[in-house]
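Index from 1, following the sequence. Computation of the quantities below employed the complete heavy-atom set of this structure, encompassing side-chain atoms and omitting hydrogens, waters and symmetry-equivalent molecules. Just so you know, ligand 1 is whichever comes first in the structure, and atom 1 is the first atom listed for that ligand.
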Amino acid sequence: MSTKVLIIGSGGREYALAWKLSQSPQVNQIFVAPGNGGTETIAKNIDIGFTNVEELLKFALDNKIDLTVIGQEAASDAGVVDAFQSAGLAIFGPSKAATRIESSKAYSKELMQSQKIPTANFETFTDPDSAIKYVQNRKFPQVIKASGLAEGKGVVIAESFEQAKHAISEMMVKKVFKDSGKTIVIEDFLPGQEVSIHALSDGTEAVLFPPSQDHKQVFDDDLGPNTGGMGVLAPVPWVTKEHLDFAMDKVVKPALKGLKSDNSPFTGCLYPGLMIDGSDVKVLEFNARFGDPEAETYLRLLDSDLYELLISCTIGNLDPSKIKWLPKTAISIALASGGYPGNYEKGKPISGIEDAESVEDVVIMQAGTKITNGKLITNGGRVLYVTALGNDVTDARSKAYKAISKIHFQGMHYRTDIGARPNGVTG
Ligand code: AMP
Ligand code: GLY
């Protein structure tokens, strides 16, 4: 039998999924829709956008795809999973209704409240005047969030009433995030360090990945504006078994229970972003997908057949004992285009990938790239992720930064302190 897999998305996360799935003896052919310059060399790119439900379904039926894997949340939010399931196709990812845990922060906060999942105190608003009135009497900073999907840009940490008022007006009156800002959530600021938790779920059973840590701000020492993520380390040495037990028992399990009782059982990767301050753990947000570049890091560490794991989730048959991890540390570091996360130019030639991959334990995962006239050029904000495995954090970091020194494109920038945070306690 010839097994075919379709991956939906175009980033480094989808490159990592294709890279890992290509190692499964069970997988014969991989397609990525729409993919990037890197997935074109390790799989076959299909020119269909990730929210084009009809065309994706037609492609999967025509080509007898055995498993479809959602990378991009916009695909599950567009109803790709619902359509594939109705057509009897195996697909890994949540239904449109279950995706609300990410696509509606208002729903997500209600779910946390009803399931007693620890999170920041909050209120939800649909009109700007009541939002402004509420925030007038709060202690700052306050966090103002557009409820809908906003590509990670819909969150403002307001240090003063003036800043809060400005953010409310941008979201609700000027509608800079269109309908995503019709409803907003205002919540208290939480101190601590962010940790990414990932759990695979088949709707009932769940299994946790090792804890990881992204570095969201663009510059060293967490300075500058937020990005999609500049680098991830896993596992995070200071995260304890108690933190992880808490994440499973008080966060993941109650969230899955709540989604099930709302008639939208969750199949896929549930990714709560936690704020940890000493022994205090609170949920910042839920994502309904693999993180990016969390996925790149995790798939370097995974020591099991990814195809088997994902298929078992789609048929409600996940066996937690089947998931094995290498006893190593993995790191992914983003190489970004000049100007990112603001405006940046595309089309810059990329060199040195082969040299970089000759460094022991290094794999370069491609994201914002494309191939034009046989040449690899930049085509996005986060261009490449340099991933490395090591015996510990120091080893993984030194291999990754050695590999980075061999790569070049005009304007390239990256953080030099990925994985260098001391611990999870704030002053
Ligand atoms: P979210 O999309 O809700 O995760 O928010 C994006 C980023 O804003 C998070 O990754 C945090 O860095 C920051 N953030 C969100 N909510 C809070 C909060 N209540 N306290 C502190 N930082 C926050
Ligand atoms: N790395 C952060 C995210 O995927 O949301």
Side-chain angles (χ1 to χ4, degrees), residues 9 11-14 16-17 70-74 101-109 112 117-124 135 138-159 164 167 171 177 180-181 184-198 209 211-218 222-234 236 269-277 280-298 331-334 336 341 365 367 381-382 385 415 418 421 426:
R13 168 182 48 205
E14 289 75 22
L17 288 164
I70 303 263
Q72 247 294 334
E73 66 277 13
I101 196 163
E102 172 168 3
S103 64
S104 165
K105 288 191 193 290
Y107 171 73
S108 179
K109 293 293 281 192
M112 288 190 243
I117 296 171
T119 186
N121 289 329
F122 73 101
E123 287 289 336
T124 300
V135 88
R138 306 294 300 175
K139 206 171 126 226
F140 286 89
Q142 286 285 304
V143 188
I144 321 288
K145 301 184 172 187
S147 177
L149 293 176
E151 292 172 353
K153 295 181 189 134
V155 174
V156 173
I157 297 174
E159 303 285 348
M171 289 179 196
F177 303 118
S180 289
I184 65 164
V185 170
I186 302 183
E187 66 181 31
D188 291 348
F189 178 84
L190 298 173
Q193 281 207 35
E194 281 182 70
V195 169
S196 301
I197 297 295
H198 282 51
F209 290 14
S212 68
Q213 184 163 51
D214 196 0
H215 296 64
K216 297 249 167 100
Q217 294 86 355
V218 67
D222 298 338
L223 298 174
N226 265 5
T227 68
M230 293 299 287
V232 165
L233 176 80
V236 187
C269 178
L270 184 66
Y271 153 22
L274 304 183
M275 192 63 100
I276 302 186
D277 192 16
D280 190 49
V281 180
K282 290 200 170 68
V283 176
L284 284 175
E285 61 164 349
F286 279 102
N287 297 299
R289 55 176 171 82
F290 291 102
D292 191 357
E294 281 85 346
E296 291 86 320
T297 317
Y298 283 135
I331 195 166
S332 303
I333 300 169
M365 308 256 185
R382 292 179 295 170
Y385 295 96
R415 280 182 64 157
I418 302 302
R421 280 192 193 133
T426 49

For ligand 2, is there an atom lying under 4.0 Å from some heavy atom of Tyr271? yes
Report the distance from atom OG1 of Thr297 to atom CD1 of Ile418, rounding to the nearest 0.5 Å.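 It comes to 10.0 Å.
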Of all heavy-atom pairs between Ala334 and Tyr385, which one has the smallest distance, and what is that distance?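 Looking at all heavy atoms of both residues, the shortest contact is CB-CE2, 3.6 Å.
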Return the minimal non-hydrogen interatomic distance between Glu294 and Ser196, and the atom names on each side. OE2-OG, 2.7 Å
Could you say whether the N/O atoms of Lys216 and ligand 2 ever approach to under 3.5 Å? no
Is there at least one pair of N or O atoms, one from Gly229 and one from ligand 2, spaced under 3.5 Å apart? no
Where is the tightest heavy-atom contact between Gly229 and Asp214, given as atom of each residue plus distance? CA-OD2, 3.2 Å
What residues form a side chain to side chain donor-acceptor pair (under 3.5 Å) with Ser212, not counting sequence neighbours?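 Side chain to side chain donor-acceptor pair (under 3.5 Å) list for Ser212, sorted by chain: Tyr298.
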Hey, which atoms in ligand 2 end up nearer than 4.0 Å to a heavy atom of Gly291?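 Numbered from 1, ligand 2 contributes 4 (O).
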I want to check something: taking the side chain as every heavy atom from C-beta on, are Val143 and Phe122 in contact at a cut-off of under 4.5 Å?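 Contact flag for Val143/Phe122 side chains = no.
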Can you work out which protein residues put a heavy atom within less than 4.0 Å of ligand 1? Lys105, Val143, Lys145, Val155, Ile157, Glu187, Asp188, Phe189, Leu190, Glu194, Lys216, Asn226, Met275, Leu284, Glu285
State whether Lys109 and Glu187 are salt-bridged, where the test is any N-O pair (Lys NZ or Arg NE/NH1/NH2 against Asp/Glu carboxylate O) under 4.0 Å. yes
Ligand-side contact atoms (ligand 2) for residue partner Asp214, heavy atom cut-off under 4.0 Å: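 By the 4.0 Å cutoff, the relevant atoms are 1 (N), 2 (C).
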Is the shortest heavy-atom distance from the side chain of Ile70 to the side chain of Arg289 under 4.5 Å? no
Quick one: do Asp188 and Arg138 make a salt bridge, cutoff under 4.0 Å?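 Yes, this pair counts.
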Are any of the N/O atoms in Asn287 less than 3.5 Å from those in ligand 2?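 There is no such contact.
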Numbering as shown, the atoms of ligand 2 that approach Arg289 to under 4.0 Å (heavy-atom distance):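 Counting atoms of ligand 2 from 1, those under 4.0 Å from Arg289 are 3 (C), 4 (O), 5 (O).
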Heavy atoms only: give me the nearest His215-Thr227 pair and the separation to one decimal.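 For His215 and Thr227, the tightest heavy-atom pair comes out as O-OG1, 4.4 Å.
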Would you call Arg13 a ligand 2 contact, heavy-atom distance under 4.0 Å? no
Could you list the atoms of ligand 2 found under 4.0 angstrom from a heavy atom of Glu294?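 This gives 1 (N), 2 (C), 4 (O) as the contact atoms.
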